[in-house]
Structure formats: structure tokens, C-alpha cells
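Some notes on the structure that comes next.
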Protein chains: 2
Amino acid sequence: MTGSTGTNERRTRTDKQRNRTHILHIAEQYFAEHGVTGSMDAIAKLAGIGAGTLYRHFPNREALLAALLQARADALVARRDAIREQERDTTTALDLWLDALGEWATAFDGLPEPLRAAITEESSPLALTCHGFITTTDEFLHAAQRDGGARPGVRGRELFLAVLATSWVSSAAMADESSPRALSALMRTGWATPAAPGQPA
Amino acid sequence: MTGSTGTNERRTRTDKQRNRTHILHIAEQYFAEHGVTGSMDAIAKLAGIGAGTLYRHFPNREALLAALLQARADALVARRDAIREQERDTTTALDLWLDALGEWATAFDGLPEPLRAAITEESSPLALTCHGFITTTDEFLHAAQRDGGARPGVRGRELFLAVLATSWVSSAAMADESSPRALSALMRTGWATPAAPGQPA
DNA sequence: GAAAAAGCGGAGACCTTCTCCGTATGTTGG
DNA sequence: CCAACATACGGAGAAGGTCTCCGCTTTTTC
């Protein structure tokens with residue numbers, strides 16, 4: 001794709017590609033250890049390159065994050081397909097998908113924040129990925145709704161946000177308590193008891 | 001409380017009290033306009049004082065935030081009492097309380113973040129207030145559970161976190177879309193349809 | 001093996017939080 | 001009223017962050 005539009009374009013330098021890969025590798029470890037708010041310059045230093053090089057490859061933290069998340073996003077798409085193929089029950093499928101989504105959103109500590117920011121800011125490298133996943137959520141949700149496994153009126157966007165919110169709550173040093181699972185359960189069934197069986201709506 | 005333990009203690013300087021009040025006043029406006037992540041030094045400058053003075057009064061952002069939130073927390077406690085007295089239906093009472101809580105947690109843009117951080121960090125000036133509200137939530141919740149208006153198994157802490165999470169999602173520039181109300185509704189009733197009426201459990 | 005293009009490095013501009021301490025100001029006893 | 005003393009103030013600046021700029025090095029090409 002890159003070197004074929006014209007006749008006399010230069011090949012991208014090999015050291016550039018090598019650096020890019022290396023940065024990604026280091027950043028992955030660094031973010032995993034320090035969370036997404038860690039220092040960018042520290043990443044450059046760890047990678048043994050200058051700050052300028054880091055920023056030429058990834059103009060800001062969000063871009064770096066987006067590149068890092070791309071691989072995982074691909075895995076998530078694969079997971080989506082697997083669920084589609086293997087799971088006949090649409091409600092379970094939705095459940096599985098939301099689980100997978102939640103896992104993706106907690107790849108790094110503090111990730112939910114930039115993700116939420118992205119979906120409201122249009123021109124973010126993360127926005128596209130998020131919107132794609134919202135669409136997917138919508139598809140699973142609609143199927144479940146058709147089969148009576150999910151409330152009508154709920155929309156994919158809300159479910160996506162709910163997953164993000166759950167991940168946000170669970171992040172940081174509170175995994176020890178019951179929270180994560182309880183919160184997921186809460187979002188699935190709510191806190192209110194369903195209307196009395198004898199009196200529908 | 002302040003000047004009575006010993007006999008020969010000096011009265012606190014009047015300019016100190018005046019400064020404190022003034023800082024609080026300015027900070028209130030500033031946070032309302034710029035969100036809780038705005039610059040501390042900017043607040044000092046706006047208040048016409050040196051950075052040192054600001055930090056002597058409030059050693060960090062969290063302390064300032066806590067002082068600012070205290071007044072609103074008092075109001076929330078009053079609201080709690082009002083609900084207790086006036087609302088006979090425990091489920092509605094819980095609803096009202098959660099609404100009030102959500103409003104408190106969105107007093108400033110970005111507030112949910114430090115609140116969540118506080119409840120996990122023990123020694124935060126915000127932690128005490130939060131824990132009090134968790135307890136209150138637990139009380140309303142238990143009452144509702146006794147009357148069959150809320151699922152058993154849910155705990156106040158989870159509900160509190162859910163409110164925080166909802167506020168977090170709603171914050172920033174996404175109030176335009178449907179989200180806030182929809183998210184609240186989602187947390188109340190969940191996305192899954194209740195088990196078929198004919199087959200309890 | 002030059003010339004030209006592309007990429008690199010890190011100094012440094014600018015912004016933050018927060019500290020330190022000389023200076024100013026309020027408070028108190030004579 | 002005025003020492004003299006405790007207290008609080010102000011703002012320079014240390015420390016640490018993001019990101020830019022541009023002289024220099026490396027790679028590619030012919």
C-alpha cells in the first residue's frame with residue numbers, strides 16, 4: 001500500500017520501522033506497569049531514543065495508545081466472530097461479547113478514561129475503533145432483543161458506555177473487593193426487582 | 001472547638017480566615033467553569049494570593065475539593081433526612097436518594113474521578129464523606145430490600161459505585177446525547193429481561 | 001560514492017504542582 | 001500605644017511533565 005502510488009517514491013527507511021516496533025514493545029510493558037498516565041519521556045528513555053523520535057512516530061499519548069490497542073482490537077474482532085459462529089443463544093452471545101469488551105477496556109490501568117474521551121471527540125485515533133465496537137454491541141443487542149433476552153429501548157451505545165463505566169470503577173487498586181463482578185451483574189439485571197409478575201407494566 | 005483547649009493560645013489571625021473564605025469562593029467558580037483538573041496556581045492568581053498561601057490553606061487539590069464539597073455534603077445530608085421523613089415508599093426513597101447522590105457527584109466536571117480514588121485510598125479528606133454516603137445508601141437499600149423493592153444481594157457500596165460510574169460517563173461534553181438518563185435507567189433495571197414470569201428462579 | 005531525502009536526538013520552551021524562607025502583618029502584654 | 005513575638009503571606013524556583021525545533025546522522029538512490 002505504501003510504496004506503489006507513484007513511480008519515484010522512496011522506500012520507508014528500515015530504521016524507522018524498527019524504531020516503531022521497538023517503541024510499541026517498550027510502551028506496552030511500560031503502560032502495563034504504570035498505567036496509561038505514565039510519563040511519555042520515560043518511555044522514550046526506556047526505548048533508548050530521543051523524545052523527538054517518540055513524538056514523530058506517535059504525535060501524542062492517544063496515538064501511541066491507539067497503536068497499542070490496535071492489536072488487541074483485532075483480537076476482539078476475532079472474538080466477536082467466534083462468538084457469532086459458536087453461540088446460538090443470542091442472550092449468552094451478548095453476555096460473552098460484553099465480557100470480552102470489558103476485558104479489552106481494562107488492558108491497561110486507566111484506559112477507560114481516554115476511551116470515553118475518544119468517543120465524544122470525533123477526531124481521535126481511538127474513536128473509530130470505539131464506534132466500531134458500539135456497532136457490534138448494537139448487533140448483539142438487537143439479536144438478543146429480537147429473542148426476548150434483552151429489554152427493548154436499550155441501545156448499543158448505552159451498553160458500551162456501561163461496560164466502560166464498569167471497567168472504570170474496577171480499575172486501580174480496588175479489584176480486591178467484590179466490585180467488578182457485582183457491578184457487571186448490576187448492569188445486567190439492575191438493582192430494582194422486576195415488576196410483579198401479575199401486573200405487567 | 002478551636003481556641004479552647006489551653007489557656008494562652010492565640011486567636012487565629014483574621015486575615016487567615018478571610019483568605020480561606022475567599023479562596024473557597026474563587027475555587028468554587030473556577031472549578032465550576034474549568035472542571036476539577038484546572039490549574040491550582042490559576043486559582044491562587046485569581047484569588048490574588050501567592051501559591052504558598054493557597055497550599056498552606058489546602059495542602060493539595062483534594063483537600064481544596066473536600067472543603068468545597070463539604071457544604072454540598074451538608075445539603076445532601078439534609079436531603080437524606082427530608083427523604084426519610086417525607087417518603088413512605090422505600091423504593092421511591094432509594095430512587096430519590098440515588099438521584100441526589102448523582103447530582104452531588106456531578107457538582108463539578110471530572111469530580112467522579114477523585115471521588116473514586118478517595119474511596120480506595122483510606123487517608124483522603126474525601127474518603128470519610130464518601131463512606132458516610134455509602135452507609136446511607138446501604139440504609140435506603142436495606143429498607144427497599146425488606147419491602148421487596150430491591151434485589152437481595154446488592155450492597156450499598158456497589159450502588160454507590162454505580163452512581164459514581166454513571167456520573168463519570170455523563171460528565172464532559174456528552175450530556176447532549178441521551179446517555180445520562182438512559183444509563184441511570186439501565187442501572188436501575190439492567191439490560192436483561194427478567195426471568196420468564198412462569199418460571200421463578 | 002556523492003547527493004538528496006528521511007529520520008534521529010536532545011536541548012529547551014512552556015506548563016504544572018508544590019516547597020522554602022525572607023518579609024509583612026496581626027496579636028498580645030506592658 | 002508600642003514593642004516583641006507568633007503567624008501568615010508571597011513568589012521565586014525546584015522538580016517533573018508534554019511537546020517542538022533544528023542541526024546532525026543515517027539510509028537510500030543513482
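Convention: sequence-line order gives letters A, B, ...; per-chain numbering from 1. Heavy-atom basis, side chains included; hydrogens, waters and symmetry copies ignored.
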So which atom in [X] and which in [Y] form the shortest heavy-atom distance, rounded to 0.1 Å?
| X | Y | result |
| --- | --- | --- |
| B:Arg151 | A:Thr189 | NH2-O, 2.8 Å |
| A:Gln145 | A:Gly153 | NE2-N, 3.9 Å |
| B:Leu69 | B:Trp104 | O-NE1, 3.9 Å |
| A:Leu126 | A:Ala66 | CD2-CA, 3.6 Å |

Distance test, side-chain N/O of B:Thr12 to OP1/OP2 of D:dA8, below 4.0 Å: no
Distance below 4.0 Å between A:His57 side-chain N/O and C:dC8 OP1 or OP2: yes
Donor-acceptor side-chain pairing of A:Thr137 and A:Trp97 below 3.5 angstrom: yes
What nitrogen or oxygen pairs link the protein and nucleotides 18-21 of chain D at under 3.5 Å?
from   : atom 1 : to      : atom 2 : distance (Å)
D:dT18 : OP1    : A:Met40 : N      : 3.1
D:dT18 : OP1    : A:Arg61 : NH2    : 2.5
D:dT18 : OP2    : A:Ser39 : OG     : 3.3
D:dT18 : OP2    : A:Met40 : N      : 3.0
D:dT18 : OP2    : A:Asp41 : N      : 3.4
D:dC19 : N4     : A:Asp41 : OD2    : 3.3

Tell me the interatomic distance from [X], atom [atom1], to [N], atom [atom2], rounded to whole angstroms.
| X | N | atom1 | atom2 | answer |
| --- | --- | --- | --- | --- |
| B:Gln17 | C:dT25 | CD | C1' | 17 Å |
| A:His22 | C:dG7 | NE2 | C1' | 17 Å |
| B:Arg20 | D:dC9 | CZ | P | 12 Å |
| A:Arg18 | C:dC8 | CZ | C1' | 12 Å |
| B:Leu65 | C:dT17 | CG | P | 13 Å |
| B:Arg10 | C:dG26 | CZ | P | 13 Å |
| B:Leu54 | C:dT19 | CG | P | 11 Å |
| B:Ile49 | C:dA24 | CD1 | C1' | 16 Å |

Under 3.5 Å donor-acceptor pair, A:Arg13 side-chain atoms to D:dT28 base atoms: no
Donor-acceptor pair under 3.5 Å, A:Arg11 side chain vs D:dT28 base: no
Among D:dT27, D:dC9, D:dC5, the nucleotide that comes nearest once only the side chain of B:Asn19 is considered: D:dC9
Among B:Val36, B:Leu24, B:Leu111, B:Ile23, side chain to side chain contact (heavy atoms under 4.5 Å, CB included) partner for B:Leu68: B:Leu24
Presence of salt bridge, A:Glu85 and A:Arg80, under 4.0 angstrom: no
